[in-house]
J.: 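For reference, the structure I am asking about is given below.
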Amino acid sequence: YNRSVDFAALKTYGWWSIQGLADTDAQDLKQIRTLVDKDLQGKGLRMVEANPDFLVVVLLKKARQEGTSEVRKSWTGWWFDQSAPVYWGGPAAWSYEEGTMLIDLVRPKTNHMVWRGTAKTDLKKVKTAEERTAFIEKAVRMIMAKFPPD
C-alpha cells in the first residue's frame with residue numbers, strides 16, 4: 001500500500017472494473033462485487049457514482065508457474081551392499097497454472113494505486129456451487145481483512 005495515503009480520510013468509493021478470465025462465470029463476478037461492497041460498507045465507506053475517494057478494481061488472472069528441482073532416486077539390490085544404495089537422478093521440470101484474485105484501490109484523478117490485496121484462487125478446482133460460493137467468500141474475506149492497512 002501507499003504509506004503516504006491517509007486511509008482514515010477515505011469515506012467514499014466507486015467501481016472502476018471487475019474482470020474475470022474468458023471462462024469466468026458472471027455469477028462469480030457478481031458475488032465478488034457484492035462481497036467487496038459488503039466489506040467496504042461494513043467498514044463505514046459509502047459507494048457513490050460521482051467523485052469517489054477511490055475506485056475499486058478486481059481482476060482474476062492466471063499465471064503459469066514453472067521451475068525445476070533435483071530428483072534423487074535410490075535403489076538397492078541383492079548385488080549391492082544393502083547399506084550403500086545406488087543414487088541417480090537429475091533435474092525435473094514442473095509447471096502449473098496459478099489463479100490469482102487482485103483487488104486494487106485506485107485514486108480516480110491520478111489513476112495511482114493506493115492499496116492492493118491478493119489471494120491465490122483457482123475456481124476450476126472447486127466442484128459444487130456451494131464450494132464455489134465458500135471459496136470466493138474465503139478469498140474476498142482474506143484479502144479485505146488487510147484493508148485498511150494498520
Side-chain angles (χ1 to χ4, degrees), residues 1-75 85 87-150:
Y1 67 92
N2 183 336
R3 295 182 191 278
S4 68
V5 173
D6 178 8
F7 288 93
L10 302 177
K11 304 293 182 197
T12 61
Y13 73 96
W15 279 88
W16 188 345
S17 70
I18 181 165
Q19 300 174 3
L21 302 165
D23 59 350
T24 302
D25 188 294
Q27 285 301 109
D28 292 343
L29 297 177
K30 184 177 179 182
Q31 180 187 5
I32 292 167
R33 181 173 174 153
T34 300
L35 291 166
V36 171
D37 279 335
K38 184 177 178 181
D39 183 272
L40 292 173
Q41 291 166 13
K43 293 174 179 172
L45 296 158
R46 188 172 44 92
M47 191 180 83
V48 296
E49 295 297 323
N51 301 316
D53 294 330
F54 65 90
L55 295 168
V56 179
V57 179
V58 175
L59 177 63
L60 302 179
K61 67 178 202 163
K62 279 196 174 178
R64 184 163 207 71
Q65 303 295 328
E66 298 178 342
T68 60
S69 58
E70 186 69 27
V71 175
R72 219 174 142 185
K73 297 180 181 180
S74 67
W75 186 79
Y87 291 97
W88 74 94
W94 49 266
S95 70
Y96 63 94
E97 294 282 321
E98 180 177 85
T100 303
M101 179 188 299
L102 302 162
I103 300 177
D104 293 341
L105 305 183
V106 178
R107 287 289 198 174
K109 291 181 175 114
T110 62
N111 291 341
H112 287 113
M113 181 175 47
V114 297
W115 183 87
R116 169 175 277 175
T118 64
K120 292 180 183 175
T121 56
D122 195 350
L123 294 173
K124 297 276 185 216
K125 292 182 180 179
V126 289
K127 306 293 184 223
T128 68
E130 293 81 17
E131 288 175 339
R132 280 180 90 73
T133 298
F135 190 83
I136 291 169
E137 286 175 358
K138 181 179 177 184
V140 171
R141 189 172 49 250
M142 190 171 75
I143 293 170
M144 296 308 294
K146 299 172 187 165
F147 178 79
D150 295 329

J.: I want to check something: taking the side chain as every heavy atom from C-beta on, are Phe54 and Leu45 in contact at a cut-off of under 4.5 Å?
T.: yes

J.: If I take atom CH2 from residue Trp16 and atom CG from residue Leu59, how far apart are they, to the nearest 0.5 angstrom?
T.: 12.0 Å

J.: Would you say the side chain of Leu29 lies within less than 4.5 Å of the side chain of Leu60, judging by non-hydrogen atoms?
T.: yes

J.: Give me the atom names and distance for the closest heavy-atom approach of Ala119 to Met142.
T.: CB-CE, 3.3 Å

J.: Please report the interatomic distance CZ(Phe147) to CD1(Ile103), rounded to the nearest 0.5 Å.
T.: 11.0 Å

J.: To the nearest 0.5 Å, tell me how far Thr133 OG1 sits from Gln27 CD.
T.: 9.5 Å

J.: Evaluate the side-chain contact (heavy atoms from CB on, under 4.5 Å) criterion for residues Phe7 and Trp115: first the C-alpha distance (whole Å), next the side-chain angles of each, then the deciding distance (0.1 Å), finally the verdict.
T.: CA-CA 10 Å; Phe7 288 93; Trp115 183 87; 4.1 Å; yes

J.: Is it the case that the side chain of Ser17 and the backbone of Gln19 share a donor-acceptor pair, with hydrogens and angles ignored and the cut-off at 3.5 Å?
T.: no

J.: Side chains of Val36 and Ile18: does their closest heavy-atom pair fall under 4.5 Å?
T.: no

J.: Nearest 0.5 angstrom please: Tyr1 OH to Arg3 CZ, how far?
T.: 4.0 Å

J.: From Met101 CE over to Ile32 CD1, what is the distance, rounded to the nearest 0.5 angstrom?
T.: 4.0 Å

J.: Looking at Val106, Leu105, Leu55, Asp104, which hits side-chain contact (heavy atoms from CB on, under 4.5 Å) with Val114?
T.: Leu105

J.: Could you tell me which non-hydrogen atom of Pro108 sits nearest to which non-hydrogen atom of Pro52, and how far apart they are?
T.: CG-O, 3.3 Å

J.: Do the side chain of Thr12 and the main chain of Asp53 share a donor and acceptor less than 3.5 angstrom apart?
T.: yes

J.: When rounded to the nearest 0.5 angstrom, what distance separates CD in Gln31 from CZ in Arg132?
T.: 9.0 Å

J.: Just wondering, more than 12 heavy atoms not from Asn111 lying within 6.0 Å of its CG?
T.: yes

J.: On a heavy-atom basis, which atom in Trp15 and which in Arg33 lie closest, and how many Å separate them?
T.: CD1-NH2, 3.1 Å

J.: Assess the residue pair Asn2 and Arg107 against the criterion (side-chain contact (heavy atoms from CB on, under 4.5 Å)); give the C-alpha distance rounded to whole Å, side-chain angles, the decisive distance to 0.1 Å, and a yes or no.
T.: CA-CA 11 Å; Asn2 183 336; Arg107 287 289 198 174; over 6 Å; no

J.: Counting only heavy atoms not in Lys138, do more than 12 fall under 6.0 Å of its NZ?
T.: no

